[in-house]
Amino acid sequence: MSDMTEIDTTDIRLVPESAVGQEVAQTKSRRWPGLSVLGGLVLVLALLPLGISGSYYMHVLILTFFYVVIASSWRVVSISGQFNIAIGAFMGIGAYAAAIPSVWLHWSPWVTIPLGAVAATIVGALLAYPFARLRTIYYAMGTLFLGYVVINLITAGGKTTGMSTGLGGVEPLFSDRTYYYYLAFGLMLVSLACMYRLEFSRIGVRMKAIAQSHQVAASVGIGERRNRILAVAFGSFFAGLMGAVYCHYQGVASPNSYGLGATLWIIMYVLVGGINSFWGPAVGVGMLLVIPEFFFRDLKGNLPYVTAAILLIIAFTMPEGIVGLLKAITDRVSRRFRRGEVSGDAP
Amino acid sequence: MKKTAWVSVLMVLMILLAVVPALAGCGKAEETTTTSAPTQTTAGPTPTTAAPSSTETTTAQMETLQIGVILSLTDWFSVVDAAEKMDIEYVAQMINEDGGIKVQGKSYKVELVIEDGKSSLDGNTAAANKLVLDKKLKFVVGPGAFFNLATTPIFEQNKVLHVANYNGLNPAEMNKDTRYAFLGLDPITQQSAALKALKLYYPNVKNVALASEDATFPAFEPHFRALVERTGLTLAGEPILYATQAEDYNPIAAKIKALNPDAVWMPIGIDPTYFGIVKGLRTLGYQGPITFPVDAPSVVGALGDSATGIVGILSKQVEDPYIAAPMKRLLLMGDPKRHVFGLAPNALYLLKHAIEAADSLDPTVVRDKWETLTSLPTLYGDGFPSGNQLYGLPNHAWAHPIPVCLINDGKVEYKPWILPDVTP
Amino acid sequence: MFVELKNITVHYHKSLAVDDVTIEVPEGGVVTIIGANGAGKSTILRALAGLVSLTRGQILFQGERIDRLETADRVRRGIVLVPEGRQLFPYLPVITNLRLGATLRRDRAGIAESLEYVFDLFPRLKERAKQDAGTLSGGEQQMLAIARGLMANPRLLCLDEPSVGLAPIIVELVGDVIREINRKGISVLLVEQNAHLALGVAQRGYVLEVGRVVFQGDAEAIRCSEMVRKAYLGG
Amino acid sequence: MEIAVQTVINVVLLGVVYILMGIGFAFILNLLGIFNLAHGAIFMSAAYGCYLLVVKLGLPGFAAFPVTVLAAAAFGILVERFLFRPMKADFNRTMMVCIALSTVLVTTFNRFLGTRALAIPPFLAGTTGLGPYRVQTDRILAFCIGIVLLVGIILFVDRSRWGAQMQAVTQNREGAALQGIRFSRVAMLAVSVGFGLAAIGGVFMGTLYNLTPFIGDVTLIKVLMLVILAGLGSFNGIFYVGGLLGLLYGALPVVLPGAVVDALASILVLALLLIRPRGFFGHE
């Protein structure tokens, strides 16, 4: 046990060891069913407004698209081994960078939204810099605190930020909700495509290598700090972008949408869905946001019991989240399938 | 295999743990307040559950009018709104017992559609969307406090008449363009009662220290300053602001004490903050009167012998000899010892009378009529418009007589209700 | 037989570490396992202590199967491992480290006696009793680790690489200490890379290569074996 | 002058509560590696529990206090056995479990007792003269109990068998197992002591201030700050940093308005954290 020294006082597996580039290695034929399901889903979602136009479910779906991107952006940060508990704050920076000029200077949303995204990226990268030397639980605690500081600054901002009540009167982008639906949907597709591209690119593999062992990564010439900051900047760009669109959609920006509680729920989306899989965050948002909103909303004050029960069930029965479980099942099925065809697989 | 057995047993336990309170909670909503008042026997014969069954037969033939209600039933603001939910349900029941809302010779039974605002702007947006888009409602009561920031644009866009319980004076909540926004109680007027009562019962008071929660205060500040001046008082030092989520209010109390004011005025906050500061001030030996919106039994219960020299406004108790009839009726509909905030119920009550006055179920017609009204019944007696200039809207914000009580040495003394000054 | 590891197979992180190994320790004897780095020596001790579980095989202590027991229960029976890298509690004083060695003992008098015994054995530790364990020198830390093991009143003391990283003069001292411990009637199972030291104190030995026993016999026999001479004794 | 005296008392009391909470949190974090996000909910539940015992069952405060603390400790044993242990120290899963636990507790108290602000009746009513100044007797009592408890904890950690075992497990888990220390028992002890300490903090806060189902959130943040700044694996550090936070949150509101306090205090802590990212007293 010569590597005992590099394990921190608390021996915590922050990001589960997934084989580097495991998914890249999947054969094309195995990806086909997945792709067709995905295509069908995109098609259904694209056509959905024809059916549910002007209903509450549209609002929920718009929120879902936002949170899928935000949760996915958190996961992108996490593949580099960083358990970042400040993602809500990055979203908040994006939102306020868009809301403040919109409310006080009456800038057009088409200017403020990119501004929010850029501001979140820059601030995110700058703030990530001092924390990039921290690892594992130290990083988690440091960023948790960072998020708290950002929210405190927003809350102490006086009239400019509207303090803890929030900033109202942010100009809407469109008057028709259907446009928001397509905007959010489009942004989600583009963002997910970017993230997919990154995760399975060389940079993504490098990030995963850093997550597994920063020493090994360093020994093959992967710059740890650079790649980690890149991951945070990349993640906070999408978080900031979505935060900005989100506040224009809601018409308000309020600190408690971006505080520790909000961040923890975003993380819960990812953990419930499965942190090891690209589609985990989307599934998690579906499980924790869409299902309670669609089916349990009438429970009102008792709704938290449902979400708590979902969390407990997943924690007890699916250590790798829902997608992890599905993967385990399909693996087992396909192994049995293959065993019938080819015998004597090498271990 | 032993492991899996364990896990399944655990799962069942967990689900039970989650489901049992949920089910119990559904059934026991009424009892939440009775539990906090052990002296239930003094209430007298007040059937809590018998009433709806008797009215159901009479209202069975009536058509129903769905009215949306947004209240925060989870998270921090539920301290206020969970109680409001019960009372607004009682008011709906009261209206139905009286034959519902009468429009053009027809009676409509009120059916409340309550949505959880989750104590956040996001949650309130979702709730408003649900009411407007899904339920297609035309009349909505609530939300309270600054949550209107989130809901006003949605209601205005969809031309839904909405009556807020109370608001944060932010222009985005109510301004000259929000023609469908009404307000059950103008917050400035309400506070004028506090200062008037203070002057009345403590004539020696010349200056007051203003202590307020900081987030909504900037919007209120000029109005509060004007109000102090109008009442013939002065402010002792600068206003003292504190964070909504502080744990220890003793530093605030020490700061107030250091100003050495004749009286202390706390216009904005929630109970925990008020109590914390009063407790701190009394411990420090501050003797002057303190005024803030109270629920008399809660104050006595939470503050014990620190509850002295308090000029309380807005306490609603059956034993108050000056209590307005509708309010007394509301109190007697449940456990009369419960804590009644009485803002959302009042908004519903106002809305009912406005609809009847307009004799229409079209929100635009109701709005146009309402803008011409100068008097409407409220739960607190005759209401009157206030703050027309402040909001830039005619007769959109309302006020009414304010209950007043003095609390000394843990004993409550009820005083005649005060008619507050109209806010310009 | 006092302690028997019968045909044990151990996987470590899914890879085979020990394959079908049988080792016997007689009561009051000193047995050594020698072999190169990564041969699986430490894994055998860890399996004996209950830190890793067996894939196959049995561990018997005085005829009783103990391979399903928790580490603590094995310690209670007297099987104590002094781990490689010492595994001290660096921010606790020496005396507390020693007392923690006697966690499972309840006999105050016995503990006091053991404490006296280890202080006799290692006078340096007595001098530094109040010092944090992390501040000791390497040799002293090894002494402390052995002393802590003795505090549990062991019947079989397993030592994992006690000589690693120590100056030659201290290595000799370790050898003396092992002999002294054995003289008290405590059996010793010694895992070493330093075959000179190991064969100097042991009566019997096993040579391990890539998880398998390739040679076993009396210490003398091993020392004379051509293969061992070449591989481990530098000639 | 009076404001200064009062501030000192506030600082000390807040510091004591933070330290009690922080030590409990640190026990759980150091031994089990669990980031116990339900700590604030336990704190709140204990305060409500004590309230129910005193007001509903009519128990005298001095009886209700230990009963609450013991109940919280027993609850800790259950939580460790049935919620934490099955998670096998997986950080992600324990986080989910903690959030679920906290949600359930907060929602339950909110459903049943959340409609008005409550307070535990004072243990000793009235005020006591401290020279020319008057102080709530309860505060003096809380201060005394707090100091006694802190001394007790120091003795427990440094002198007792169990304390030594807990430290041993924190410093070297495998080494501890080899001495016959059963991790599961020490973990159970740590969680139960942690919950017990949180309960003590909760009862103090419940008597001195007011109860709402959400008081735990604010205190949890302070505790996280405390543990971050003290550093992992450190018990002594918590005492110093707890005092510092007590100073920040007890004294800053006197000179600064509202939300600026939180902002300034957290920036100060962040600045300290950037100097020593691993905390000030933690072992590397």
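We name chains A, B, ... by the order of the sequence lines, and we start the count at 1 in each one.
- Contacts of C/Thr103 with chain D are made by both backbone and side-chain atoms, with heavy-atom separations under 4.5 Å.
- Comparing C/Ala102, C/Gly149, C/Ala152, C/Pro90 by heavy-atom pairs within less than 4.5 Å of chain D, the highest count is held by C/Pro90.
- D/Ser45 places a side-chain N or O within 3.5 Å of a backbone atom of D/Ala41 that can act as its donor or acceptor partner.
- Contacts between C/Ala49 and chain D at a heavy-atom distance below 4.5 Å involve the side chain alone, from C-beta outward.
- Looking at C/Arg74, neither its backbone nor its side chain comes within 4.5 Å of chain D, counting heavy atoms on both sides.
- Here C/Asp73 is the residue among C/Val82, C/Val80, C/Asp73, C/Thr96 with the most heavy-atom pairs under 4.5 Å with chain D.
- Interface remark: C/Ile79 contributes no atoms to any contact with chain D (heavy atom separation under 4.5 Å).
- A donor atom on one side chain and an acceptor atom on the other are found under 3.5 Å apart for C/Glu192 and C/Ser163.
- Within the 3.5 Å criterion, the main-chain N or O of D/Gly175 finds a donor-acceptor partner in the side chain of D/Gln179.
- At distances below 3.5 Å, at least one donor-acceptor pair connects side-chain atoms of C/Asn97 with backbone N or O atoms of C/Leu92.
- Between the side chain of C/Arg105 and the main chain of C/Gly110, a donor-acceptor pair closer than 3.5 Å is present.
- Proximity of a side-chain donor or acceptor of C/Lys130 to a complementary backbone N or O of C/Ile95 within less than 3.5 Å is not detected.
- For C/Ala145, no part lies under 4.5 angstrom from a heavy atom of chain D.
- Only the side chain of C/Leu51 comes within less than 4.5 Å of a heavy atom in chain D; its backbone stays farther off.
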